[in-house]
2 protein chains.
Amino acid sequence: MAALFRSSLRLRSAARLPAARTITTTPHMRASEKPYFPDEPTAPKLATAIPGPNNKAATAELDKVFDVRSINMLTDFSKSIGNYISDLDGNTLLDVYAQIASIPVGYNNPHLKQVASSPQMITSLINRPALGNFPSADWADILNTGVLKVAPKGLNQVFTAMAGSDANETAYKAAFMYHRQQERGGADVEFSEEELLSTMKNQSPGSPQLSILSFKSAFHGRLFGSLSTTRSKAIHKLDIPAFDWPQATFPSLKYPLEEHAQENALEEQRCLQEVEQLIKEFHNPVAAVMVEPIQSEGGDNHASPAFFQGLRDITKRNNVLFIVDEVQTGVGATGKFWAHDHWNLDTPPDMVTFSKKAQTAGYYYGNPALRPNKPYRQFNTWMGDPSRALIFRGIIEEIERLNLVENTASTGAYLYSGLERLAERYPEHFQNLRGKGQGTFIAWDTPKRDEFVGKAKSVGVNIGGSGQSAVRLRPMLVFQKHHADILLESIEKIINKL
Amino acid sequence: MAALFRSSLRLRSAARLPAARTITTTPHMRASEKPYFPDEPTAPKLATAIPGPNNKAATAELDKVFDVRSINMLTDFSKSIGNYISDLDGNTLLDVYAQIASIPVGYNNPHLKQVASSPQMITSLINRPALGNFPSADWADILNTGVLKVAPKGLNQVFTAMAGSDANETAYKAAFMYHRQQERGGADVEFSEEELLSTMKNQSPGSPQLSILSFKSAFHGRLFGSLSTTRSKAIHKLDIPAFDWPQATFPSLKYPLEEHAQENALEEQRCLQEVEQLIKEFHNPVAAVMVEPIQSEGGDNHASPAFFQGLRDITKRNNVLFIVDEVQTGVGATGKFWAHDHWNLDTPPDMVTFSKKAQTAGYYYGNPALRPNKPYRQFNTWMGDPSRALIFRGIIEEIERLNLVENTASTGAYLYSGLERLAERYPEHFQNLRGKGQGTFIAWDTPKRDEFVGKAKSVGVNIGGSGQSAVRLRPMLVFQKHHADILLESIEKIINKL
């Protein structure tokens, strides 16, 4: 296979921008597998070098008014379909990055198109409510048949938000209010005069010096509270004032897991001890522990269910809330609807935040005491967007209709096996392959990561990285085995270009 | 007029929930004025006491999953039209609160309906881009013909966001990055090793202890950074950790302005001196001054153009950025597109934030040095929502087609005159009438404010308050003189009920 790719590459560089060519080498469609998108391309198609002339011109135009230095590619969404993303030059790539892991059911999904053209959608777009004051007549129904239909086990309430950062921050606010309410002695205890006066000066006790404990390499967003818990990269944090909050070490597991079971268990134990020590000793008392099931931006760092069960135990016995950030892991990508479903917790997390593939955002909770004791404490003008909540409902319908969580679990297992084979063949390019049994939420480290990601487009694939050295796969839930075949072949092609 | 209202009220309480009745007493439609919504009701209509049985039942249902303690009324948006909002019991109210000042061109505006059903909208709803990485082919055009078409004078760049809070916070982040860049000696100076390491611990110098100066009674949002600049009410802030940032006194003007010119000028001078002193002396250096043109949530507190010119001068000579929060004042409500257009500044603000009536959010800027020196410093997955940017473009088109800023200026002047007459007749209910020449952005203080607002629905009007004692008017831009007549009569009815 590898040799074949190499020759096709030679052909391309010799010919310099040949006419559009479809990159197929083997018959990918399996007889047993029905494609979700009948009109989807059967392979990537390259028409120009990327970026091509149209993309370059459009980027220059956009640069006049909008920062384009992080542009990956300008996209023709009207031509993108299913797992394939199109640019402005006729190039069509297999997309396993999916708008930073946020597209769940494919570009131009026909069911979502119906949802988007429904009278209910049009009304919600042109009559945007202040949800806390004037919710629409159908808001309870939209929640019950959508957002709440997939609520994590044990959590039956939701506070809706706009995106991952404010979902996390409103969860932190709920945690702080709950913590102080307990200290005060219950929901009925009135605020003291001193609290009422000091908070207007941003001073304790009204604005208390409490903290959220997060983990090294964590990513929880970029607004001031969420950024104070984000510890991914300096460039995300530099020059921005931050709260004096504690960070614990996230386990650094060795792979393959089977060969390092005891060592990894000890590592997780060490990290749990650090968490408990910080909760007991950090100078700004900890109201909640915040954790991602898989640290995503921070480099696809995994931990075992035992580690998370340990976290749940520690938070319970120290009377600290346990918040799970499922912004990137949620909505099916790990082969379960929520990644924390893998943990088999005795008691659910206190709050679970979501965004990205939900296409809307918020936090789930179950304990009624997490509703602040008075109205207007957790409030803002819009409190989310019903239009985006309708899209999430459509996504849920599509996930159910097509069994997309199961598809992601089985396609992920298939893809993982293929990657294991590649890792055997190219051990120098595959370190710490991880994500087994986690759907398509798969990553590995590679010494030339940036080069790897950079060359992916030239073989027809849009792919992303995470952390310092990981290639991260974030296909959509409509990613099937025949797409996995193309991806595996493409990865081999990239390796042979390095 | 008053006597007439009183008798109709007696009739109502005697009859107890009569059949739906239209509340009209005088012919409101002026021959010279063409209504923007031909199908709009000509008067409020009350069918039940408010909340009626359907609203009560629906609220109880929603309460099971969503905090309803701040509910004003559940709304049937499909029946709401123009300036009139409908509930689930057949009641239709003249709405001068407009989803907390966020509906610009009327419920079910026909032009917005077209925008909402366009293929471009459907594509943007179902293929939501990560705007910083994969903007759509038409993103530059959507910005140039929408958001940027109405950019404040001197500001030609935009960073798009989701809502007011994150628009303000990303503006703060830009200010902090700019401030440190200047201290460092320019965009080309690399971060020091100490900065790179310390920011990962949330410590200085990488996470510097800089501040944003805001004003007492200000409201800038409720996330952690924005809440640290919000000083409206304790209930907005209690139990939430806050940054140690300075607050200056906002002028407290005496009304009528004509009779207190000298006193008010001295008051503003005193406040400006406090600002400059805080900039020079506060222990956490000030990177920017943040101010609302009219403090809105904080009680509709106004200041003169001279005050804001003074702020601009102080910020310039102290090398501090000047950010204007136009989240509530922007998009026409003060009779100019941006409220700061009233000030005739020599140099524009450094940044202007927007949301609410824009139905999307972000901040404008002009100085290219306010783009952070490296990519991915000001970034998040979605960075706004093109669907909402398309709605803003439709709003702008509608404002231009109908000259709605001019309409708001002239309707506001007409309404203000009517309120002056009422204030003369009922001086005990009208204190500090304010907002003259500020479109329909009008308010006054009244001793029984909560009772006033509470009774408004019983005469067919949906109206809001601000601060401790203000009734605030926030009609839409499609509010016309015949609506002002109904509002004036309704206000008199309410007064006669107190």
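Only heavy atoms go into these numbers, but all of them, side chains included; no hydrogens, no water, no symmetry mates. Below, chain A is the first sequence line, B the second, and so on; all start at residue 1.
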Checklist entry - So which heavy atom on B/Asn202 is nearest to which on A/Ser228, and how close? => result ND2-O, 2.9 Å
Item to check | Option in A/Glu195, A/Met383, A/Gln359, A/Gln247 with maximal non-hydrogen atom pairs under 4.5 Å from chain B | outcome: A/Gln359
Checklist entry - Any side-chain heavy atom of A/Met177 within less than 4.5 Å of one from B/Leu238? => result no
Checklist entry - Can B/Thr160 and A/Phe66 be said to form a side chain to side chain contact (heavy atoms under 4.5 Å, CB included), step by step? => result CA-CA 9 Å; B/Thr160 48; A/Phe66 194 78; 3.7 Å; yes
Checklist entry - Has the side chain of B/Arg69 got a donor or acceptor atom that lies under 3.5 Å from a matching backbone atom of A/Tyr376? => result no
Item to check | Polar side-chain atom of B/Gln99 near backbone of A/Pro129 as donor-acceptor pair, under 3.5 Å | outcome: no
Item to check | N/O donor-acceptor pair under 3.5 Å between A/Arg222 side chain and B/Gln378 backbone | outcome: no
Checklist entry - Between the main-chain N or O of A/Leu125 and the side-chain N or O of B/Arg388, is there a donor-acceptor pair closer than 3.5 Å? => result yes
Checklist outcome for this item: Closest non-hydrogen atoms of B/Asp239 and A/Phe176, given as atom of the first, atom of the second and distance, are O-CB, 3.2 Å
Checklist outcome for this item: Ranked by heavy-atom pairs below 4.5 Å to chain A, first place among B/Pro135, B/Gly206, B/Ser204, B/Ser226 goes to B/Pro135
Next on the checklist: Between A/Asp67 and B/Lys374, does any NZ, NE, NH1 or NH2 come within less than 4.0 Å of an OD or OE carboxylate oxygen?
Outcome noted: no
Checklist entry - Please walk me through it: do B/Ile235 and A/Arg377 pass side chain to side chain contact (heavy atoms under 4.5 Å, CB included)? => result CA-CA 6 Å; B/Ile235 199 73; A/Arg377 298 193 69 192; 3.9 Å; yes
Using a 3.5 Å cut-off and no angle test, enumerate the donor-acceptor pairs between side-chain atoms of residues 137-144 of chain A and protein atoms at least two apart in sequence or in another chain.
unit_1	atom_1	unit_2	atom_2	d
A/Asp138	OD1	A/Ser136	OG	2.5
A/Asp138	OD2	A/Gln120	NE2	2.7
A/Asn144	ND2	A/Ala140	O	3.1

Checklist entry - Going through the checks in order, is the side chain to side chain contact (heavy atoms under 4.5 Å, CB included) test met by A/Val158 and B/Val65? => result CA-CA 6 Å; A/Val158 69; B/Val65 295; 5.6 Å; no
Item to check | Under 3.5 Å: donor-acceptor pair, side chain of B/Ser70, backbone of A/Gly132 | outcome: yes
Checklist outcome for this item: Of the listed A/Leu148, A/Asn108, A/Asp244, A/Leu88, the one with the largest count of heavy-atom pairs under 4.5 Å with chain B is A/Asn108
Checklist entry - Of the backbone (N, CA, C, O) and the side chain (C-beta and beyond), which part of B/Ser232 lies under 4.5 Å from a heavy atom of chain A, both, or neither? => result backbone
Checklist outcome for this item: Heaviest contributor of heavy-atom pairs below 4.5 Å to chain B, chosen from A/Ile103, A/Leu390, A/Asn109, A/Asp76, is A/Ile103
Next on the checklist: For A/Leu223, which atoms come within 4.5 Å of any heavy atom of chain B: side chain, backbone, both, or neither?
Outcome noted: both
Checklist entry - B/Asp166 versus chain A, heavy atoms under 4.5 Å apart: side chain, backbone, both or neither? => result both
Item to check | Taking every non-hydrogen atom, the tightest pair across B/Lys64 and A/Gln157 | outcome: O-NE2, 2.6 Å
Checklist entry - For the rings on B/Phe134 and A/Phe77, is their centre-to-centre separation under 6.0 Å? => result no
Checklist outcome for this item: A/Ser102 and B/Trp382 have their tightest heavy-atom pair at OG-NE1, 3.7 Å
Item to check | Sequence neighbours excluded, every pair satisfying salt bridge (Lys or Arg N to Asp or Glu O under 4.0 Å) that has a member inside residues 110-129 of chain A | outcome: A/Arg128-A/Asp385
Next on the checklist: Please report the interatomic distance OG1(A/Thr199) to CZ(B/Arg231), rounded to the nearest 0.5 Å.
Outcome noted: 9.0 Å
Item to check | Contacting region of A/Asn373 [heavy-atom separation from chain B under 4.5 Å] | outcome: backbone
Next on the checklist: Please classify the contact between B/Ser211 and chain A as side chain, backbone, both or neither, with a heavy-atom cut-off of under 4.5 Å.
Outcome noted: neither
Next on the checklist: As an exercise: rank A/Phe191, A/Tyr107, A/Phe379 by heavy-atom pairs under 4.5 Å with chain B and give me the winner.
Outcome noted: A/Phe379
Checklist entry - With only heavy atoms counted, which part of A/Ala163 is less than 4.5 Å from chain B, the side chain, the backbone, both or neither? => result both
Checklist entry - Which of the residues B/Thr123, B/Ile122, B/Ile395, B/Asn380 is involved in the greatest number of heavy-atom pairs with chain A at under 4.5 angstrom? => result B/Ile122
Item to check | Pairs of heavy atoms under 4.5 Å with chain B: top-ranked of A/Leu112, A/Leu210, A/Ile126, A/Leu62 | outcome: A/Ile126
Checklist entry - So which of B/Asn284, B/Leu74, B/Asn127, B/Val147 has the largest heavy-atom pair count under 4.5 angstrom toward chain A? => result B/Asn127
Checklist entry - chain B heavy atoms under 4.5 Å from A/Asn462: which part of the residue, side chain, backbone, both or neither? => result side chain
Item to check | Residue B/Tyr178 versus chain A: region with a heavy atom under 4.5 Å | outcome: neither
Checklist entry - Which region of B/Leu197, side chain (C-beta onward) or backbone (N, CA, C, O), has a non-hydrogen atom less than 4.5 Å from a non-hydrogen atom of chain A, or is it both or neither? => result neither
Item to check | Top contributor to chain A interface from B/Arg184, B/Gln181, B/His236, B/Gln209 [non-hydrogen pairs under 4.5 Å] | outcome: B/Arg184
Item to check | side chain to side chain contact (heavy atoms under 4.5 Å, CB included) evaluation trace for B/Ile100 with A/Asn133 | outcome: CA-CA 9 Å; B/Ile100 319 182; A/Asn133 282 164; 3.3 Å; yes
Checklist outcome for this item: Between A/Lys356 and B/Thr381 the two heavy atoms that sit nearest each other are NZ-OG1, 2.8 Å
Checklist entry - Is there a donor-acceptor pair closer than 3.5 Å between any side-chain N or O of A/Glu169 and the backbone N or O of B/Phe224? => result yes
Next on the checklist: Quick check for you: among B/Glu61, B/Lys233, B/His179, which has the greatest number of heavy-atom pairs under 4.5 Å with chain A?
Outcome noted: B/Lys233
Checklist outcome for this item: Of the listed A/Lys216, A/Gln203, A/Lys201, the one with the largest count of heavy-atom pairs under 4.5 Å with chain B is A/Lys201
Item to check | Heavy-atom pair count under 4.5 Å with chain A, highest-scoring of B/Leu196, B/Asn55, B/Leu227 | outcome: B/Leu196
